[in-house]
Structures are given as structure tokens and as C-alpha cells.
Amino acid sequence: MTAPRVRFAPSPTGYLHVGGARTALFNWLFARKTGGVFVLRIEDTDRERSTDEHTRVILEGLAWLGITWDEGPYFQGAAVDRHRADAERLLAAGKAYRCFCTKEELDAQRAEAERHKSAFRYDRRCRRLPPDEVRARLERGVPFTLRLVMPDEELAWDDAVHGRISFQGRDLDDFVILRSDGSPIYNMAVVSDDIAMRITHVIRGDDHISNTPKQIAIYRALGAEPPVFAHVPMINGPDGKKLSKRHGATAVGEYQDKGILPAAMRNFLALLGWSPGGDREILSERELIELFSLEGIQKKSAVFDVTKLEWMNGEYLKTLPADELLPPVLRQLERMGVDPRGRDLRPIIDTVKARSRTILHVADQVAVRLDASRVRLDEKADQLVRKMGDGFEASLALAAEALAALPPSAWAPEPLLAALQEVAARHGKKLGDVMQPIRVALTGSTVSEPVNELLVVVGRDESLARLGAFRRAA
RNA sequence: GGCCCCAUCGUCUAACGGUUAGGACACCACUCUUUCAAGGUGGGAACAGGGGUUCGACUCCCCUUGGGGCUACCA
């Protein structure tokens with residue numbers, strides 16, 4: 001058994017979709033697991049919609065996820081001569097024929113069939129054209145496409161995730177393999193490339209199941225052995241429908257911008273439609289490779305659950321040292337227009353990351369501690385203020401007074417805690433009733449590091465200023 | 001319409017003929033911490049329906065229902 005060769009073949013007509021990323025990931029995991037070769041092929045034969053920008057973004061997205069390719073990127077557009085040659089070999093062998101029907105004629109027939117609610121199938125009239133008629137049209141320069149002679153036989157394969165899938169050739173069209181301008185149609189190009197690249201396993205989306213019998217027909221006509229096919233399920237939005245813009249972010253770049261870590265994204269995507277069995281959830285790249293197998297792939301389509309992704313990201317955030325978080329956080333702060341003023345942010349990041357789910361969230365919290373103008377009451381904080389009513393104000397006033405009376409030298413975690421405990425005790429309040437208003441006034445949130453530490457992070461003057469400002473605003 | 005694929009908690013999933021159908025996210029309680037989060041404990045929550053096969057079906061077969069994909073001189 002020679003080493004497997006797999007490929008990921010996106011078309012650069014859009015950004016790297018999470019579904020595409022997951023397909024790429026499965027191919028990559030399979031290659032790494034089996035010691036195989038991962039080929040990247042850009043299917044840019046749709047000239048109208050393909051752009052270099054999209055290609056760049058797709059490559060960047062893969063790199064971000066840590067998906068490295070061993071060969072390529074190859075560009076399908078560069079191989080049209082071979083695609084055409086393969087199609088013409090089929091013509092010469094009588095496995096394909098020239099079709100002189102125009103697009104307009106075919107569209108009319110299709111519309112007619114539509115009206116009768118019956119299935120449109122090309123009637124294969126050009127297949128029966130006498131040779132001299134063909135010659136005559138050729139001489140007249142009538143444009144033609146090449147169509148495959150669809151054999152009336154079973155076109156089946158043992159899918160690595162679905163088991164046996166079978167189609168009947170008679171249900172399929174003599175589909176076009178070469179356009180009238182000589183350019184190849186998708187299925188022709190794919191098969192030609194997969195043969196030329198000696199691809200052994202085609203791991204791709206479920207939506208290609210219906211292309212597979214057509215491709216098998218081409219393999220047979222070309223006298224080539226088809227690869228192993230593994231059709232992985234689709235990823236849907238929360239409503240069970242195909243993931244689209246209205247479901248929110250669908251491009252991996254958007255998750256990168258959102259502050260999702262590549263390791264978390266990779267882990268999450270791997271578990272969408274695949275399971276190692278058992279209860280494992282947080283898996284390192286190493287474990288993923290070790291455990292991966294096509295048998296573990298689910299047949300059913302999956303719903304993309306952003307909440308769980310963010311939870312998982314939070315798990316990764318916790319284990320990541322502040323040193324590694326610093327650069328992305330600084331970048332985000334810059335985007336937000338917050339100047340760290342040379343402060344070492346790592347201690348702040350360290351306390352804040354345990355309470356965060358995304359890098360964006362970390363940066364937000366750092367910003368709030370650095371810059372009073374970033375303080376905004378969130379929903380829960382707002383509820384708390386309303387719920388406590390006058391008590392909120394009163395508690396804040398007592399605390400502010402006690403804190404202001406503290407000498408600057410006492411502005412450290414221990415003395416601050418002692419002072420606040422004293423305030424609570426003196427007024428018969430629970431410590432939380434004193435702490436929580438301070439937390440809200442300082443950060444706008446009900447969640448933060450312990451308040452005495454928060455006061456130190458924000459600093460004496462700034463803390464007192466925020467407490468005062470909050471009371472005036474309220 | 002035709003062809004094909006799919007079906008376990010709201011979501012991701014485990015189970016590969018014998019389990020009180022397990023875990024995770026989310027949600028709700030309680031708990032720990034004289035403050036937050038995290039943590040800990042507990043709770044509600046699923047085998048789409050109907051027929052078979054079998055001593056025994058979530059697991060195998062068939063039908064129904066419900067989702068999805070494809071049906072181009074797009075990829």
C-alpha cells in the first residue's frame with residue numbers, strides 16, 4: 001500500500017468558509033495520520049468569479065488553522081490543455097460525442113419539461129447524428145460541446161463514510177464535459193486532475209455525492225481506477241438550513257477577527273461531524289492526528305454552534321500564557337484606539353483571560369481597565385443597579401469615602417480588602433453588597449477579578465475618579 | 001417532478017443486539033470563596049412514527065413522515 005494522496009480543492013470564488021475549512025482539516029488530518037501527502041489545488045476555472053484576493057484569503061485561512069500542504073498550490077486553470085486532451089481522447093474513443101445543440105434550444109426544452117413537471121433529460125439527439133452530417137456541420141463551423149456517453153450501467157462505490165452508494169447510468173444525463181469554447185466543465189477538470197495528481201482518497205462535502213457517479217463514468221471511460229470517496233456531511237446554521245450570511249459569521253477570517261484561537265477553531269471543527277468515540281472534547285493537534293479516522297465521521301449534517309466554539313475557545317484561553325496573548329491583544333487595542341502607555345499588560349491579561357471567551361473580550365476588558373471612556377454598563381450590571389436602587393448609590397458612597405481616606409501607601413490588595421471589610425462590617429452589610437457596586441462603577445460589568453485587586457490595577461486616582469463620576473452620572 | 005443522502009436531549013455527540021440510553025455546550029438550582037469568574041454537586045431534556053427479524057432492538061431489514069443535496073456550455 002503506497003502512501004495516500006489527498007487534496008483540498010477550493011474554488012476562489014469566495015472566502016474560506018467554515019465548511020471548506022473543515023473539509024480541508026479532515027483531509028489534512030487523514031494525510032498526517034497515514035503519512036500521506038496533502039495537495040492543495042485551487043479550482044479557478046470559473047474565470048468570472050475567481051479572484052486572486054480570494055485565493056490569498058483561502059491560503060491565509062489554512063495557514064492560520066495550521067493546515068500545511070505538501071504540494072501546490074496548483075492552479076486548475078493552468079491545466080486546461082490536459083483537461084481538453086483527456087476530453088478529446090474520450091471523443092476519439094467513442095466515449096464522448098459532439099453536441100451541436102445551442103444553449104437556447106436546451107434552455108427551451110428544460111423550461112418545457114419544467115412546465116409539465118417532468119424530469120428534463122437531454123434527448124441525446126446529437127449522439128445519433130450520422131457521420132456525414134457531423135462533418136457537414138463541422139465544415140460550416142457550427143459550434144459544439146462535447147458530451148459524455150453515459151453508460152446504461154450501475155455507477156456505485158463504497159463510500160468511506162456512507163457505505164455503498166449506487167446510481168443508475170440511465171438516470172443520468174449525457175452531460176457536457178467540454179464547452180463550445182473548448183474549456184472543460186468542472187467534473188471533467190476534477191477527474192483529469194485527480195488522475196494526474198494520483199489522488200487516492202477524495203474527501204469532500206456531501207453535496208458532491210451526486211457528482212460522483214458522473215465522475216466515476218469519466219474514470220471508467222478514461223480507463224482509470226477511481227479513488228476512494230469519503231463524503232463528509234454539511235455544516236448547517238441553527239435553523240438546520242445551509243450555513244449562510246444571515247446566520248452570522250461563516251468565513252474563518254471572521255472568527256479570527258472575533259478573537260478565536262486557531263487551536264480552538266481546529267479542535268471545534270474537527271469535532272463537528274467527527275468523533276474519536278467516547279467523551280473526549282479538548283484535543284491537541286497531536287491527539288487529533290493520532291485519533292483521526294474516516295470511520296469516525298458522522299453521516300448526519302451538523303449545526304454550527306458558536307456558543308460552544310466560544311466555550312472551547314475560553315478553555316484554550318485559560319491555558320495560554322499571557323506572553324502569547326500579548327501581541328494579539330496589543331493589536332486589538334490599537335484597532336480600538338487605546339494606548340497602553342508603555343504599561344506591562346501581561347498581569348492584567350493574566351487575570352482577565354480566565355474570565356474571557358475570546359481575545360476580543362480580553363482586549364475589551366484590558367481597555368476598560370486602562371481607559372475610563374471604555375466603561376459601559378452591560379445588561380447584568382444595569383439590572384443590578386436598578387435592583388439595588390438607592391442602596392447601590394449608598395454603598396458606593398460609603399466605599400468611596402473609606403477608600404478616599406486611605407493613604408496612597410495603603411493602595412495595595414491587602415489593605416484595600418481590610419478597609420472594605422471594615423466598611424461592610426461597620427454598616428452591617430455583606431461584603432458583596434459593598435464590592436459589587438465598586439466593580440460595576442469601575443468596569444461597567446458584574447464580572448471581574450477580586451475588587452481589591454481591580455482597584456490596584458485601575459490605580460488610586462483613576463479608581464476614585466470613576467467612583468465619583470459614576471455617582472454624579474447616577 | 002426525478003435521482004441520491006440523512007434521522008439519539010435545543011445543539012455537538014457516545015452506544016457498533018442485552019446500559020437506569022453516557023458525556024459536552026446551553027439553561028436552572030445548590031455549593032465553595034465574608035467580593036467576580038472558574039470550580040464542585042444536582043436537575044429538567046433524546047432513541048421521528050409504524051411494521052418486521054430476533055429470546056432480546058437506539059443498533060439489522062422494509063414502509064411512512066420529516067430534513068437536506070443535486071438536477072447548467074457554475075464550481
Side-chain angles (χ1 to χ4, degrees), chain A residues 9-14 43-46 48-50 76 99 101-103 106-107 110 113-114 116-121 143-147 159 162 165-168 170-173 175-187 189-190 205-214 231 233-234 236 238 240-242 268 271-282 295 298-312 314 318 351-352 354-356 417 420-421 424-425 429-439 443 445-454:
Chain A
S11 54
T13 53
E43 307 210 321
D44 57 348
T45 51
D46 185 346
E48 318 264 285
R49 296 188 296 154
S50 297
Q76 192 162 55
C99 173
C101 300
T102 66
K103 181 116 168 52
L106 294 166
D107 284 346
R110 201 181 339 269
E114 197 86 21
H116 294 85
K117 272 198 183 304
S118 60
F120 170 71
R121 187 136 311 132
F144 61 88
T145 61
L146 246 42
R147 284 183 185 270
D159 196 276
H162 291 273
I165 298 180
S166 169
F167 287 77
Q168 292 300 328
R170 76 180 72 92
D171 292 326
L172 270 29
D173 244 337
F175 63 95
V176 173
I177 55 177
L178 211 60
R179 295 188 189 92
S180 50
D181 67 357
S183 63
I185 282 294
Y186 171 75
N187 281 313
V190 166
D206 250 355
D207 48 344
H208 285 289
I209 285 182
S210 45
N211 277 322
T212 306
K214 298 180 188 174
H231 288 97
M234 303 276 84
N236 296 141
K241 296 259 191 319
K242 200 170 170 183
F268 179 74
L271 256 29
L272 211 53
W274 172 77
S275 161
D279 297 339
R280 319 276 310 265
E281 293 259 39
I282 303 290
E295 288 71 46
Q298 196 82 13
K299 291 193 184 80
K300 181 181 65 162
S301 59
V303 172
F304 193 85
D305 181 0
V306 183
T307 306
K308 186 154 184 178
L309 201 215
E310 291 183 348
W311 162 77
M312 190 170 278
K318 276 182 214 163
T351 70
V352 141
R355 275 164 276 264
S356 303
L417 179 60
L420 290 167
Q421 282 171 333
K429 288 175 182 292
K430 286 190 290 189
L431 189 57
D433 290 338
V434 177
M435 295 296 211
Q436 205 58 338
I438 300 175
R439 175 174 281 124
T443 65
S445 164
T446 56
V447 177
S448 85
E449 62 271 52
V451 167
N452 52 326
E453 292 173 28
L454 174 66

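All values below come from the heavy atoms of this structure, side chains included, with hydrogens, waters and symmetry mates left out. All chains are named by letter (A, B, ...) in the order of the sequence lines, taking the proteins before the strands, and each is independently numbered beginning at 1.
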Return the set of residues passing salt bridge (Lys or Arg N to Asp or Glu O under 4.0 Å) with [X] (not counting sequence neighbours), or none when no residue passes.
X: K242(A); value: none
X: D107(A); value: K103(A), R110(A)
X: K429(A); value: none
X: K430(A); value: none

Atom [atom1] of [X] and atom [atom2] of [N]: how far apart are they, to the nearest Å?
X: M312(A); N: C25(B); atom1: CE; atom2: P; result: 9 Å
X: K299(A); N: U8(B); atom1: NZ; atom2: C1'; result: 14 Å
X: K241(A); N: G68(B); atom1: NZ; atom2: P; result: 4 Å

For nucleotides 57-61 of chain B, give me every protein contact, N/O to N/O, under 3.5 Å, one pair per line with atom names.
none

Quote, to the nearest angstrom, the [atom1] distance that separates [N] from [M].
N: C3(B); M: G50(B); atom1: C1'; answer: 26 Å
N: U34(B); M: A26(B); atom1: P; answer: 26 Å
N: A29(B); M: A37(B); atom1: P; answer: 13 Å
N: G42(B); M: A57(B); atom1: C1'; answer: 32 Å
N: G67(B); M: U35(B); atom1: C1'; answer: 50 Å
N: U31(B); M: G23(B); atom1: P; answer: 23 Å
N: G52(B); M: A14(B); atom1: P; answer: 30 Å
N: G10(B); M: C47(B); atom1: P; answer: 9 Å

Should [X] and [Y] count as side-chain neighbours, where that means a heavy-atom distance under 4.5 Å?
X: L172(A); Y: P213(A); answer: yes
X: F167(A); Y: K214(A); answer: no
X: P276(A); Y: L271(A); answer: yes
X: K308(A); Y: E281(A); answer: yes

Go along [range] 5' to 3' and tag each nucleotide: B for a protein heavy atom under 4.0 Å from its base, S when only backbone or sugar atoms are that close, - otherwise.
range: nucleotides 69-75 of chain B; result: SS-SBBB
range: nucleotides 34-44 of chain B; result: BBBBS------
range: nucleotides 9-15 of chain B; result: --SBSS-

Those residues that, when tested against V306(A), pass side-chain contact (heavy atoms from CB on, under 4.5 Å) (two or more places apart):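 Listed in chain order: Y255(A), K258(A), F304(A), E310(A).
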
Using side-chain hydrogen bond (donor to acceptor under 3.5 Å, both in side chains) as the criterion, list what pairs up with D206(A), not counting sequence neighbours.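 For D206(A), the residues satisfying side-chain hydrogen bond (donor to acceptor under 3.5 Å, both in side chains) (neighbours in sequence not counted) are H162(A).
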
Please enumerate all residues that pass side-chain hydrogen bond (donor to acceptor under 3.5 Å, both in side chains) together with N211(A), with sequence neighbours excluded.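 Here the qualifying residues are N187(A), H208(A).
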
What does [N] pair with, Watson-Crick or G-U, if both distances are under 3.5 Å?
N: A7(B); answer: U65(B)
N: G1(B); answer: U71(B)
N: A21(B); answer: none
N: C27(B); answer: G43(B)

Using a cut-off of less than 4.0 Å, is there contact between a side-chain N or O of H162(A) and OP1 or OP2 of C6(B)?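 Yes, within the criterion.
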
Can a donor-acceptor pair be found, under 3.5 Å and without considering hydrogens, that links the side chain of T443(A) to the backbone of S445(A)?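 Yes: the side chain of T443(A) pairs with the backbone of S445(A).
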
Can any side-chain N or O of R439(A) pair as donor or acceptor with the backbone N or O of E449(A) at less than 3.5 Å?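 Judged by distance alone, yes, a pair lies under 3.5 Å.
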
Which atom pair, heavy atoms only, marks the closest approach of V190(A) to Q76(A)?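 Scanning both residues, the minimum pair turns out to be N-NE2, 3.8 Å.
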
Compile the donor-acceptor pairs under 3.5 Å between side chains in residues 175-183 of chain A and protein atoms, sequence neighbours left out, one pair per line.
residue	atom	partner	partner atom	Å
R179(A)	NH1	S183(A)	OG	2.7
R179(A)	NH1	P184(A)	O	3.3
D181(A)	OD1	S183(A)	N	2.9
D181(A)	OD1	S183(A)	OG	2.7

